[in-house]
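Structure incoming, see below.
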Protein chains: 2
Amino acid sequence: MDYIELIGFLAAILTTAAFLPQVYKTWKTKDVSSLSLPMLLIFFVGIIAWLTYGFLKNSPSMIFANSITVVSSFLLLFFKIKYGKK
Amino acid sequence: MDYIELIGFLAAILTTAAFLPQVYKTWKTKDVSSLSLPMLLIFFVGIIAWLTYGFLKNSPSMIFANSITVVSSFLLLFFKIKYGKK
């Protein structure tokens with residue numbers, strides 16, 4: 001692996017790790033009041049676009065990071081729709 | 001601009017746009033209680049790494065997106081440190 005991908009993977013690990021506590025917190029508390037549905041939808045579509053871009057640019061770090069984040073953001077969207085109804 | 005960069009810019013606009021309401025909300029309400037300082041720090045360092053990666057990969061969309069997000073995440077970090085003391 002070249003040093004460019006090392007920086008990419010460092011970035012991927014850091015930004016992905018920063019996102020996970022939010023998913024965990026929302027799952028535990030079921031508090032979705034401060035999460036905005038349009039924001040979550042826009043973000044989810046954006047991550048799918050980044051993942052596509054990562055494949056087209058042959059970027060292992062982008063594919064790695066966005067594969068995890070697409071799941072995280074889907075979960076937040078799912079929690080918002082599920083718990084937001086109450 | 002080729003179609004790969006078009007997808008990249010679409011991704012950049014979507015994920016950046018999803019992030020801005022959080023910055024605005026925090027600025028208006030000064031409520032930083034639900035923001036975690038370690039998470040903000042890790043995310044900020046991660047975005048700097050993504051920006052570096054974008055330059056090294058010659059990716060205009062990554063440079064564009066992360067230049068905006070580095071400012072947004074710095075502002076959240078600044079608000080957390082400033083308003084978190086109260």
Side-chain angles (χ1 to χ4, degrees), chain A residues 1-26 29 31-66 68-70 72-73 76-77, chain B residues 1-26 29 31-66 68-70 72-73 76-77:
Chain A
M1 196 191 307
D2 59 34
Y3 83 102
I4 296 181
E5 283 309 315
L6 270 180
I7 293 172
F9 270 94
L10 174 74
I13 289 163
L14 292 172
T15 53
T16 309
F19 207 69
L20 292 179
Q22 179 67 60
V23 179
Y24 180 74
K25 188 183 174 184
T26 307
T29 63
D31 176 14
V32 291
S33 60
S34 56
L35 297 174
S36 140
L37 184 61
M39 187 201 77
L40 290 176
L41 270 173
I42 291 168
F43 191 74
F44 181 66
V45 177
I47 293 298
I48 289 172
W50 275 129
L51 186 58
T52 310
Y53 181 79
F55 275 107
L56 294 170
K57 290 281 273 188
N58 294 312
S59 160
S61 7
M62 290 198 74
I63 295 167
F64 171 74
N66 290 301
I68 296 172
T69 309
V70 85
S72 310
S73 61
L76 286 179
L77 200 54
Chain B
M1 198 190 306
D2 59 35
Y3 83 101
I4 296 181
E5 283 308 314
L6 270 180
I7 293 172
F9 269 95
L10 174 73
I13 289 163
L14 292 173
T15 53
T16 309
F19 206 70
L20 291 179
Q22 179 66 60
V23 178
Y24 180 74
K25 188 183 174 185
T26 308
T29 63
D31 176 14
V32 291
S33 60
S34 57
L35 297 173
S36 140
L37 184 61
M39 187 202 76
L40 290 175
L41 270 174
I42 291 168
F43 191 74
F44 180 65
V45 176
I47 293 299
I48 289 172
W50 275 129
L51 186 59
T52 310
Y53 181 79
F55 275 107
L56 294 170
K57 289 281 270 188
N58 294 312
S59 161
S61 9
M62 290 199 73
I63 295 167
F64 171 74
N66 290 301
I68 296 172
T69 309
V70 84
S72 310
S73 61
L76 286 180
L77 199 55

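Here is how names work: the chains are called A, B, and so on, in the same order as the sequence lines, proteins then strands, and each is numbered from 1.
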Contacting region of B/S59 [heavy-atom separation from chain A under 4.5 Å]: both
Max heavy-atom pairs within cutoff under 4.5 Å with chain B, candidates A/S36, A/A12, A/P38, goes to A/A12
Interatomic spacing from OH in B/Y53 to CG in A/L6 - rounded to 0.5 Å: 10.5 Å
Please look at B/A65 and chain A and tell me whether the side chain, the backbone, both or neither of the residue comes under 4.5 angstrom of a heavy atom of that chain. side chain
What closest approach, in Å, do A/Y3 and B/L56 show between heavy atoms, and which atom pair accounts for it?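 Of all heavy-atom pairs spanning A/Y3 and B/L56, the closest is OH-CD2, 3.7 Å.
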Does any backbone or side-chain atom of A/I47 lie under 4.5 Å from a heavy atom of chain B? Answer side chain, backbone, both or neither.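 Interface part for A/I47: both.
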Region of B/S73 that comes under 4.5 Å of a non-hydrogen atom in chain A: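 Neither; nothing under 4.5 Å.
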For B/I7 and A/A49, work out which heavy atoms get closest and say how close. CG2-O, 3.5 Å
First locate atom CD1 of A/I42, then atom CD1 of B/I13, and finally report the distance between them rounded to the nearest 0.5 Å.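 It is 12.0 Å, given to the nearest 0.5 Å.
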Interface residues of residues 15-25 of chain A facing chain B - heavy atom cut-off under 4.5 Å: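 Expected list: A/T15, A/A18, A/K25.
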Just give me the residue among B/S61, B/A11, B/G8, B/G46 that pairs up with chain A most often, heavy atom to heavy atom, under 4.5 Å. B/A11
Measure the shortest side-chain to side-chain distance between A/K57 and B/M62 over non-hydrogen atoms and say whether it is less than 4.5 angstrom. no
Side chain, backbone, both or neither: which part of A/N58 has a heavy atom under 4.5 Å from chain B? backbone
